[in-house]
There are 2 protein chains.
Amino acid sequence: MSHSDTIRILGIDPGSRVTGFGVIDVCGREQIYVASGCIKTPPAAPLAERIEVIVRHLDEVVRTYQPQQAAIEQVFVNVNPAATLMLGQARGAAMAALVMHQLPVHEYTALQVKQAVVGRGKAAKEQVQHMVVHMLALSGTPQADAADGLAVALTHALRNHGLGAQLQQGGLKIKRGRFQW
Amino acid sequence: MSHSDTIRILGIDPGSRVTGFGVIDVCGREQIYVASGCIKTPPAAPLAERIEVIVRHLDEVVRTYQPQQAAIEQVFVNVNPAATLMLGQARGAAMAALVMHQLPVHEYTALQVKQAVVGRGKAAKEQVQHMVVHMLALSGTPQADAADGLAVALTHALRNHGLGAQLQQGGLKIKRGRFQW
């Protein structure tokens, strides 16, 4: 398979304190690890500063790795309304950083991520991390939030581009190295 | 007073459906209307699309009017957690668009806006609009959300740069055409 058939996906697990990200390449049935990491925001800093940290780091990630598609985890409404507002602001900033690069952004719930990566929606967080390590043949376990970013990227890969059988079932066509649907 | 003593302020009233903005110039004791408007997001569209509408329009506003400072209204936590999350996402995206241009972003509560513009925190929305029209000597009444954007910009002007007496009291120094504090 030629290089032009490779799709690079950026997965994001947004959070008010830590935003995890993971970059993978999808080439046919294969998913290849590219990069992952955590963006930590100073909790005591003014909101504008925290938003800036998220936006600048994600901007750098997109410029460095040049993903073609992005996937972001949907967040839950918290019992604490102020925490919900803060999480919303962090997630809105992360999405803003992605759309500014004309990246198509897909959203997945935590349930969809667990179902795609582990095979059942009730999987524990550790199982998701375990499967991320296994599927990408990583030599070590990434930080929890980075692993979640990779899991979101894998979810998008598994639900849309791969694995072989899904490619045929899903009505996707490969044309000039890009998936069309 | 020379042109270099003019400070251009962009005020934002964020909302999940409509984001209002207003641009004013502050020159000594004077506030001069520059522009205002509403950014409306398609309510049925996917979140990424709504975020994109906010970010692209605000990006255009900043590029067109080149403000030196920005002010954004703080939002209230809604009784509906899903609405709070959505509002947070819209506000986070708006802030992201501002910080990406290295704009310093200041936050003001609705109470601070009313106190600065009308003189009392319990003022009705219509009074705020009325004072915006009066202070900026507008020939017509702008749309409600645009007026709110202008009110936020005026709040930042009144609390920080003007009006004369505040300039002296607040310890602000004008140096090479920029306010320093």
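So that the names make sense, note that chain A is the first sequence line, chain B the second, and so on, each numbered from 1.
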(message) With rounding to the nearest 0.5 angstrom, report the CD to CD distance, Glu52(B) to Gln102(A).
(response) 7.0 Å
(message) Let me check something: do Ile39(B) and Met95(A) share a hydrophobic cluster, defined by ILVMFWY side-chain heavy atoms less than 4.5 Å apart, either directly or through other members?
(response) yes
(request) Could you tell me whether Gln66(B) atom CD has more than 12 heavy atoms of other residues or ligands within 6.0 Å of it? (result) yes
(request) State, to 0.1 Å, how close Ala96(A) and Ala93(B) come at their nearest heavy-atom pair, and which atoms those are. (result) CB-CA, 4.0 Å
(request) Measure Arg50(B) against the heavy atoms of chain A and call it side chain, backbone, both or neither at under 4.5 Å. (result) neither
(request) Look at Gly88(A), Ala82(A), Pro81(A) and state which one has the largest set of heavy-atom pairs under 4.5 Å with chain B. (result) Gly88(A)
(message) Is it true that, when you exclude Arg8(B) itself, more than 12 heavy atoms of the residues, nucleotides or ligands shown sit nearer than 6.0 Å to its CZ?
(response) yes
(request) Treat each ILVMFWY residue as a node, draw an edge where side-chain heavy atoms are under 4.5 Å apart, and state whether Val23(A) and Ile9(A) are in one component. (result) no
(request) Give, as side chain, backbone, both or neither, the part of Glu107(B) having an atom under 4.5 angstrom from any heavy atom of chain A. (result) side chain
(request) Specify which of Leu87(A), Val99(A), Ile54(A) makes the most heavy-atom pairs with chain B at under 4.5 Å. (result) Val99(A)
(message) Are Leu138(A) and Val118(A) connected into the same hydrophobic cluster when the rule is that any two of I, L, V, M, F, W, Y join if their side-chain heavy atoms are below 4.5 Å apart?
(response) yes
(message) How close do Ala48(A) and Val105(B) get, counting heavy atoms only, and between which atoms?
(response) CB-CB, 3.9 Å
(message) Assigning hydrophobic clusters by single linkage (Ile, Leu, Val, Met, Phe, Trp, Tyr; side-chain heavy-atom cutoff under 4.5 Å), is Val34(B) placed with Leu136(B)?
(response) no
(request) Show the numbers, then the answer: is there a side-chain contact (heavy atoms from CB on, under 4.5 Å) between Leu47(A) and Arg91(B)? (result) CA-CA 11 Å; Leu47(A) 181 63; Arg91(B) 188 171 191 263; 3.1 Å; yes
(message) Between Val55(B) and chain A, with a heavy-atom cut-off of 4.5 Å, which part of the residue counts as in contact: side chain, backbone, both or neither?
(response) side chain
(request) Output the distance between atom CE (Met100(B)) and atom CE (Met100(A)), rounded to the nearest 0.5 Å. (result) 2.5 Å
(request) Treat each ILVMFWY residue as a node, draw an edge where side-chain heavy atoms are under 4.5 Å apart, and state whether Leu85(B) and Met86(A) are in one component. (result) no
(message) Just to be sure I understand the criterion: a residue of residues 119-134 of chain B counts if one of its heavy atoms is under 4.5 Å from a heavy atom of chain A. Which ones qualify?
(response) none
